[in-house]
Number of protein chains: 2
Amino acid sequence: MKKVTMADVAKLANVSKSTVSQYLNKRYEYMSEETRKRIAEAIEELGYQPNIIARSLKQKTTATIGVIVFNMLHMMTTQVLHAIEEECQKRGFQVIVCNSGDDPDKEKTYVDTLLAKQVDGLIVFPTGKNEDVYRRLVEERFPLVFVDRMVPGVEADSVLLDNAGAAEMAVQYFASYGRDRIAIVTPPHVSYNVPRMERLEGFRAAMEKRGFEVGDQNVIAAEPAALPGELKKRFMESERPNALFAINDLTLMGVLRFVKDAGVRVPDEVAIINIDDVPFADIYTPALTTIAQPTFAMGKKAAERVFEQMKAKKADGPRVFRFSPVLMERTSIKREKA
Amino acid sequence: MKKVTMADVAKLANVSKSTVSQYLNKRYEYMSEETRKRIAEAIEELGYQPNIIARSLKQKTTATIGVIVFNMLHMMTTQVLHAIEEECQKRGFQVIVCNSGDDPDKEKTYVDTLLAKQVDGLIVFPTGKNEDVYRRLVEERFPLVFVDRMVPGVEADSVLLDNAGAAEMAVQYFASYGRDRIAIVTPPHVSYNVPRMERLEGFRAAMEKRGFEVGDQNVIAAEPAALPGELKKRFMESERPNALFAINDLTLMGVLRFVKDAGVRVPDEVAIINIDDVPFADIYTPALTTIAQPTFAMGKKAAERVFEQMKAKKADGPRVFRFSPVLMERTSIKREKA
DNA sequence: TTGTATGCGTTATCAG
DNA sequence: CTGATAACGCATACAA
C-alpha cells in the first residue's frame, strides 16, 4: 500500500521533515538547489503523495465545500451543481454532494456531518425547515448560501430566481398574444416552499394588474401525477382556459400529458408556457416557449458568495440575489400574434 | 466560532479526554452511569461537535468516496450518481463529486487530489485514458470501479450496459415490425469509447445475423450538432432508411430535430428507437420507444462493489458487470406490427 | 539554509 | 471504570 510519508521522503533525501514541508509548499527560497533536487528525486522514487487530511487538521481548512440538495435528479439542480463544481475546480476546491430528498431530518444530519468533516462552506438547496440549524450557522458566520429556496427566519445569502418576475413574464407573454383566460398549473401549495408561493402570488398580481380574473378555477393545483386528471376536469367546465402556465418542468409534463390524451390543440385551443427550460422544447410540436432559469449564472454566484464569505470574516449582511428569468421564445405561438 | 474540542468537554465533565472518546464511540460499558451523564451534559452545553478530520488522521479512513464523471450534465450520470449517493448515505459515507469534462488531464488531477484527500474508494466514469494512473491503483488494491466506460489495459471492476445486447434489442425490435432498412445514428467513432464502439459492433452483428445489409450508408456518424444535416443528406439518397437507431439520447435529439424539420412522418416513414430513456418519451407524438439503461441498479452496484473491495483486502479479481437494457415499448410503432 | 520541537483533535494502548 | 501518554502526518515557530 502507500503509507509513504513525509518522514520517509526526508530520510531518503537526507533532510528533515520541515525541509520537505517547505518544498511541498513551494518555498524554494529556503533551500539550496542541491537539496531541492534531492527531495524531488526522493518524492519521485517513493511515489510520495501528501496527506491532505493531516494538512487540514493543522491548517483548519479542507478546501472542500458541502452542497446539500433536496432533489438531485432535478435538472435545475444538476445544472447549478455543475456550475458550482466548476467554480470550485478553478480554486482547487472539491465538492461533497448530499441529497436530502426533501427530508428535513436528513438535511439536518447532513449539515452536522459536513460540519464535522470541516467543510469550509455550505451551499444548500433547503427543504425550508431546520431554521434553528441554519440560524446558528449564520450567527457563527459560517459561510452559507441558499439556492432556489429560502429558509424562513434565516438571514443568509440566497440565490433565487425572480419568481414574481417569471410569473409576470408568463402572463405578459400570453397577454401579448391576446390570451385572457390564463390558468396556473402548480403542485399543491406549501407554505415554506418559497418559489412555489412566489410564482403563484406573482401570477395573481400579474393577472390583476391586467384586469384578468383569477378565481379558484384558474389555479389548478395537484400532485404531478394527478395533474392530467385535474386538467381534464377543468376543461370540461365552461370558460376553458386558453392558456396554461406551468410553474415548473414537472407540472409541464402533466400539462403535456393532458393535451396529448385529451387531444387539445396547442396552441390553437390552449397556449402553454412554463418555468424551467426543457431539452425537448425545440423538437416538440409545436416548439415550446419556456421561461428559463439562468442556472449556470446562479450556480456560479452561489459558489462565489461562499468564497467571498470565506475570506471576508466580517459578515457584510445577508444578501438576496434575484436572477432574471429568460424568455426562450419559440415558434409555437408566434403565428397568431395579436 | 466553534473551537470547542474534546478537551473542553473533558474539562467541563471532569473526566479525561479518553473517557470522552469512549463515550463518543458508544463504548458505554467502560464507564459509570454517572460520568456518562456528565459527559452528555457537557457536550450538550458546549454544543460540541467532533472533528472528523482528526479522527480520520488517526484511523486512516475518511468515510468518503470520490466520484469522477466525464459529464455531469448527462442524465444517465445524474441518475447513477443519485443511486451512488443513496448507497453511501445508508452506510454513513459521503461523496465527493468531480467533473472531468472528458478531459484526461483534469481526470488525472482529480484522482491525485482525491487520493491525497484520503478517500476510501473511487468510482469513475472514465475518459478512457490515464491507463497508468488506474493501473497503479489496481496494483495497490485501491477500491476502484469504472462505470459506463472502461479503460483499455486496466483490469478493474466495471459496471456497464450490455451494449451489444442493446443494439441487438433495437434491431430485433425493428425487425419484428418488418423494418429492414435500418440505420444507426451515432457520434463519430472514437477507439477508446467503449460503449460507442460496442453499440456499433453490436448493431453490425445484429444486422448481419438477419441478413440485413449494413454498408456505410447505414452508419450515420457525426457530431450531434451536425446530425440533422447528415440525416437530411442521407434521406435524399435512394434507399432511405425506414428505421433509425440512435445510440444515445443526444443523437436522438438530432434525429428528432431532423424528422421535425424535414417533415418525415414517424413511424410511418421512419421508425425510431434509441438507447437512454428520455423524460418526454411519453408525451412526444408518437410516444417514443426507448431502450433504457437500468441506471439506478448500475449506480447501486458500483457503490456496492467499492464497499466490497474496501473490506475484502484480497482482490477477488476484476469483474465486469453487464446490465441488461430494458425495452420501454411505447405506442409509436405498435399499430403497424407485421 | 536546515533542523528541532510542538501542536492540530482524535483514538488507542496501557497502566492504575 | 478511568486517565496519562503516545501516535496519526503535516506545518510552523524558533533555533542553529
Side-chain angles (χ1 to χ4, degrees), chain A residues 1-40 42-43 46-64 112-120, chain B residues 1-40 42-43 46-64 92 112-113 115-120:
Chain A
M1 226 40 177
K2 61 161 182 317
K3 37 198 344 169
V4 37
T5 155
M6 240 179 55
D8 301 315
V9 177
K11 196 170 348 157
L12 207 169
N14 257 313
V15 296
S16 77
K17 291 191 298 179
S18 20
T19 308
V20 178
S21 178
Q22 302 285 27
Y23 175 91
L24 290 174
N25 294 302
K26 307 196 189 304
R27 311 189 67 78
Y28 300 133
E29 327 95 57
Y30 294 99
M31 69 192 73
S32 68
E33 181 73 11
E34 168 61 13
T35 51
R36 183 166 118 202
K37 220 154 56 185
R38 280 216 312 283
I39 294 178
I43 287 178
L46 297 174
Y48 167 73
Q49 294 206 256
N51 181 330
I52 295 193
I53 290 292
R55 193 219 306 276
S56 293
L57 179 58
K58 185 72 185 166
Q59 300 191 154
K60 295 157 159 346
T61 165
T62 52
T64 112
D112 288 342
T113 308
L114 290 172
L115 290 178
K117 285 202 172 175
Q118 313 297 118
V119 295
D120 297 329
Chain B
M1 226 36 176
K2 63 159 181 318
K3 38 197 346 168
V4 36
T5 155
M6 240 180 55
D8 301 315
V9 177
K11 200 175 336 163
L12 207 169
N14 256 313
V15 295
S16 76
K17 291 192 296 178
S18 3
T19 308
V20 178
S21 178
Q22 302 286 28
Y23 175 90
L24 290 174
N25 293 300
K26 308 198 189 303
R27 310 189 67 78
Y28 299 133
E29 326 96 56
Y30 294 98
M31 69 192 72
S32 65
E33 181 72 12
E34 169 61 13
T35 51
R36 183 166 117 201
K37 221 156 54 186
R38 278 215 313 283
I39 294 176
I43 288 179
L46 297 174
Y48 166 74
Q49 294 205 258
N51 181 331
I52 294 193
I53 290 291
R55 194 220 305 277
S56 292
L57 179 58
K58 186 70 184 168
Q59 299 192 153
K60 298 161 158 343
T61 165
T62 53
T64 113
D112 288 342
T113 308
L115 290 179
K117 285 201 172 177
Q118 313 296 116
V119 295
D120 296 330

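Everything quoted here is computed from the prediction, not taken from an experiment. Note on naming: letters A, B, ... go to the chains in the order of the sequence lines (proteins, then strands), and numbering restarts at 1 for each one.
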**Asked** So what does B:V15 touch, heavy atoms closer than 4.0 Å: a base, only the sugar-phosphate, or nothing?
**Response** sugar-phosphate
**Message:** Looking at A:Y28, I'd like to know whether one of its side-chain N or O atoms comes within less than 4.0 Å of OP1 or OP2 on C:dT2.
**Reply:** no
**Asked** Taking CD from A:E34 and C1' from C:dT2, how many angstroms apart are they, rounded to a whole number?
**Response** 13 Å
**Item:** Short side-chain N/O contact from B:S32 to OP1 or OP2 of D:dT2, under 4.0 Å
**Value:** yes
**Prompt:** Looking for any heavy atom pair under 4.0 Å, which part of the strands does A:D8 touch: base, sugar-phosphate only, or nothing?
**Reply:** nothing
**Item:** Side chains of A:Q22 and A:I39 in contact at under 4.5 Å (non-hydrogen atoms)
**Value:** no
List every contact pair, protein side and nucleotides 12-14 of chain D side both N or O, where the distance is under 3.5 Å.
none

**Item:** Value in whole Å for how far the P atom of C:dC8 lies from CG of B:N51
**Value:** 12 Å
**Message:** With a 4.0 Å cutoff (strictly under), does any side-chain N or O of A:T35 reach OP1 or OP2 of C:dT1?
**Reply:** no
**Item:** side-chain N/O B:K60 vs C:dT11 OP1/OP2, d < 4.0 Å
**Value:** no
**Message:** Is it the case that the side chain of A:K117 and the backbone of A:T62 share a donor-acceptor pair, with hydrogens and angles ignored and the cut-off at 3.5 Å?
**Reply:** no
**Prompt:** Taking C-beta and beyond as the side chain, do A:L24 and A:S21 meet within less than 4.5 Å on heavy atoms?
**Reply:** no
**Asked** Between A:I43 and A:Y23, is any pair of side-chain heavy atoms under 4.5 Å apart?
**Response** yes
**Asked** Can you check whether A:T5 reaches A:N51 side chain to side chain, under 4.5 Å on heavy atoms?
**Response** no
**Request:** Evaluate the side-chain proximity of B:L57 to A:K58: yes if any heavy-atom separation is below 4.5 Å, no if none is.
**Result:** no
**Asked** Taking atom P of D:dC10 as reference, at what distance in whole Å does atom CD1 of B:I53 sit?
**Response** 14 Å
**Message:** Which heavy atom of B:S56 sits nearest to which heavy atom of B:T61, and what is that distance?
**Reply:** OG-O, 3.2 Å
**Prompt:** According to a strict under-4.0 Å criterion, is A:T5 in side-chain N/O contact with OP1 or OP2 of D:dG9?
**Reply:** no
**Prompt:** Rounding to a whole Å, what distance do you find between B:K11:NZ and D:dG3:P?
**Reply:** 15 Å
**Prompt:** Can you name the salt bridge (Lys or Arg N to Asp or Glu O under 4.0 Å) partners of A:R36, sequence neighbours left out?
**Reply:** A:E33
**Asked** In whole angstroms, how far is the C1' atom of D:dC1 from the CZ atom of B:R36?
**Response** 13 Å
**Message:** Between A:R55 and B:S16, which residue's closest nucleotide on DNA chain D lies nearer the 5′ terminus?
**Reply:** B:S16
**Prompt:** C:dT11 P sits how many Å from B:L24 CG, rounded?
**Reply:** 6 Å
**Request:** Check every strand shown and say whether A:Y23 touches a base, only sugar-phosphate, or nothing at a heavy-atom separation below 4.0 Å.
**Result:** nothing
**Prompt:** For the pair made of NZ in A:K117 and P in C:dT10, what is the distance, rounded to whole Å?
**Reply:** 15 Å
**Item:** Nucleotide C:dG7, atom C1' - distance to CG of B:L57 in whole Å
**Value:** 12 Å
**Request:** Assign A:M6 to base, sugar-phosphate, or nothing according to its heavy-atom contacts below 4.0 angstrom with the strands shown.
**Result:** sugar-phosphate
